[in-house]
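Take a look at the structure below.
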Amino acid sequence: MGRYVIPYFEGEDERLGELAGNAAAARVARNVTTDHGRLASAAGLADYIAEAAPGGAESLYVFCETGEDGVRTEYVLTGAADGVRVWRDGQWQLLFAGTAGGWGFLSYKKGADSILIFGNGVDEVQVWDGQAESSAKLEGVPAKGKFFALHYERVWMCGDAENPDRLYYSRMLNPNDWTGDAVTPETGGGFVDLPTFDGGVITNLYSVGGDLCILKSTTAMLLYGTSPDNYQVTRMSGEMGTIAGRTAAVYGQTGYFVTAHGIGVQSGTTISLLDDRKLPRLFDGDYCEEPDCGEGLSPHFGACAAGICFRERLWFALPLGQERKNSVVLEYDLARETYMLHDFGGAVGFARAGQMREKLLVLGADGVVRALGGGAPAPGQWRTPWLDFGSSEEKVARGIVLYGRIESEGDAACVAVTVESDRGKKVRRLCTRDAVGAEKNRYFRRGFRLGGRRFRIDICAEAGTRFCFTGGMELLTEEFR
């Protein structure tokens, strides 16, 4: 009897079709992880603030304020169409009653005080010190911005509905003064107009590698220089922008964001797509042959998609099909260059929290703020491509072998392994009968007889089942007789 060994597990990769490619690279990888080559259930979400934020919360931010005694306090804020709220004293409190959503936030250190600046491009820009019952108008600001960034000791702002192509900057170390200085212009404030004459408007901005990247819906620009007397703006090569500015995330010297055709990468003055193209089902509208299959990125993603970089991974909440609300979370491991998809209950926003920013917070469509880690895992799935073992001849699969553990909390838990061929399929269940959970790895072997020319393996875990297969996978085979 022969053995076909898949020694380790990888993420999702559909570049080379259903039959070709690496057997370890999944055609479907959902609610699982493949860290260190192991296949395991992905971490679930646990309530961080169980009381739902009212008002249809659509954005999430964590503001940190350090008192005179050095004690650090975190405040979780949500933005909605009716204003901005903060979780304080065990309840959601309204900081500012607004007239529109699309809030942007920026933490700033003014002298010894930490302040929060926020706006939506329609209402007056607000400031909050972490102590007052409500926010106040940011004095001196010349416009109504909603995108903010820090760059060379200045606050930068854009997104004013009345001046969508204008980028404003404050004086050095003073977010309350945005005026110019005729005597010493290098210390003054001002603005830069960035029209592109193609209908594109600014969708976000961020500081990266000593420069300021300005994303537009159709292109992107880079502003470099340290003061107004030497600011220069260049249009990035690549002719690519994004309508989903809230997906912008920075790691190291590189910016990332979601476009209609994949993940955009900004490095220096160049913007391009990630060159792996591993997810045509999501980013290529021609990949799915079935009409209205609903697996591709929705054309309405610009209004709801969100992103963040957390622990060397990009996390993007995205809508599928024709949806106008996010339904899936795409995880991209920057170090391993692997993709996973997760069901996070319609995530609408992300934020980092904790002393070392070690927690990832997720704002759900229900207004509840949850933290990654803990909670019951969602149903997991990992599927191989079709495997012909290097030959189109008939062959027989006689069994499946996995090594690892399956854990349960209370009731017995099971993982279903389906081996499918062009002639049929066999399903075998791997279960633990220990009511308090199995802590040790064990050897799982299930036999069957299934003929065919090609095979694929589908591993599916039930909701609430934790599993970890550490030793790869074997398919036992023999010649067809």
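Position 1 is the first residue of the sequence, and the numbers go up from there. Just so it is clear, the values below take in all heavy atoms, side chains as well, and ignore hydrogens, waters and symmetry mates.
Under the rule for a side-chain contact (heavy atoms from CB on, under 4.5 Å), the partners of P299 that lie at least two apart in sequence or sit in another chain are Q322. Among residues two or more places apart in sequence or in another chain, the side-chain contact (heavy atoms from CB on, under 4.5 Å) test is passed with D89 by Q93. The side-chain hydrogen bond (donor to acceptor under 3.5 Å, both in side chains) search around D275 returns none, not counting sequence neighbours. With sequence neighbours excluded, the residues that form a salt bridge (Lys or Arg N to Asp or Glu O under 4.0 Å) with R15 are D13. By the side-chain contact (heavy atoms from CB on, under 4.5 Å) test, L94 pairs with R85, A97, sequence neighbours left out. Taking the salt bridge (Lys or Arg N to Asp or Glu O under 4.0 Å) definition, one finds that E14 meets it with R281, sequence neighbours left out. Under the ring pair (Phe, Tyr, Trp, His ring centres under 6.0 Å) criterion, F148 pairs with no residue at all, not counting sequence neighbours. Remark: T234 pairs with no residue by the side-chain hydrogen bond (donor to acceptor under 3.5 Å, both in side chains) rule, at least two apart or across chains. Take R357 and apply the salt bridge (Lys or Arg N to Asp or Glu O under 4.0 Å) test, not counting sequence neighbours, and it matches E74. A search for ring pair (Phe, Tyr, Trp, His ring centres under 6.0 Å) contacts involving W178 returns nothing, not counting sequence neighbours. In this view, R313 and D35, E331, D333 satisfy the salt bridge (Lys or Arg N to Asp or Glu O under 4.0 Å) rule, not counting sequence neighbours.
Here the two rings, on Y231 and W156, have centers that are under 6.0 Å apart. Between F350 and W315, the ring centre distance reaches or exceeds 6.0 Å.
At least one side-chain heavy atom of L330 sits less than 4.5 Å from a side-chain heavy atom of L341. Side-chain contact check for F118 versus L77: every heavy-atom pair is 4.5 Å or farther apart. Taking the side chain as every heavy atom from C-beta outward, F344 and R370 never approach each other to under 4.5 Å. Counting only heavy atoms from C-beta outward, the side chains of L116 and E65 never approach each other to under 4.5 Å. With contacts defined as side-chain heavy-atom distances shorter than 4.5 Å, the pair L212/L167 qualifies.
Annotation for A463 and P379: closest pair CB-CG, 3.7 Å, computed over non-hydrogen atoms. C309 and L334 make their closest contact through SG-CD1, 4.3 Å (heavy atoms, listed as atom of the first residue, atom of the second, distance). When all heavy atoms of A347 and V329 are compared, the closest pair comes out as CB-CG2, 4.0 Å. Across all their heavy atoms, S217 and I243 have their closest contact at CB-CG2, 3.9 Å. Of all heavy-atom pairs spanning K359 and F310, the tightest one is C-CE1, 3.7 Å. Residue D343 comes nearest to A378 through the heavy atom pair O-CB, 4.5 Å, listed as atom of the first residue, atom of the second, then distance.
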key: Stepwise side chain to side chain contact (heavy atoms under 4.5 Å, CB included) check, I263 with F316   = CA-CA 10 Å; I263 298 177; F316 299 115; 3.7 Å; yes
Verdict with supporting geometry, L273 and M240, side chain to side chain contact (heavy atoms under 4.5 Å, CB included) = CA-CA 9 Å; L273 289 175; M240 186 187 308; 3.8 Å; yes
key: salt bridge (charged side-chain N to carboxylate O under 4.0 Å, His left out) evaluation trace for R166 with D160   = CA-CA 8 Å; R166 182 164 291 181; D160 188 330; over 6 Å; no
task = Apply side chain to side chain contact (heavy atoms under 4.5 Å, CB included) to the pair R456 and R27, showing each step before the final yes or no.
result = CA-CA 10 Å; R456 70 179 179 187; R27 290 303 180 267; over 6 Å; no
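By the 30° and 60° cut-offs, the orientation of the rings of Y61 relative to F105 is parallel. Aromatic ring pairs are classed by plane angle as parallel below 30°, tilted from 30° to 60° and perpendicular above 60°; the pair Y75 and F63 is parallel.
Sorted by first and then second residue, the side-chain hydrogen bond (donor to acceptor under 3.5 Å, both in side chains) pairs with a member in residues 244-265 read Y251-E312; sequence neighbours excluded.
No donor-acceptor pair under 3.5 Å is formed between the side chain of W87 and the backbone N or O of E51. Formation of a donor-acceptor pair under 3.5 Å by the N326 side chain with backbone atoms of C304 is found in this model. With hydrogens and angles ignored, the 3.5 Å screen pairs no side-chain donor or acceptor of D165 with any backbone N or O of P195. The closest donor-acceptor contact from the side chain of Q266 to the backbone of G268 lies under 3.5 Å. A donor-acceptor pair under 3.5 Å links the side-chain atoms of N120 to the main chain of A100, judged by distance alone. When atom types are taken as modelled, the side chain of N174 and the backbone of S170 share no donor-acceptor pair closer than 3.5 angstrom.
Within a 6.0 Å sphere centred on CD of Q91, other residues, nucleotides and ligands contribute more than 12 heavy atoms. Enclosure of atom CZ in R324 is not indicated, since only 12 or fewer non-hydrogen atoms of other residues, nucleotides or ligands lie within 6.0 angstrom.
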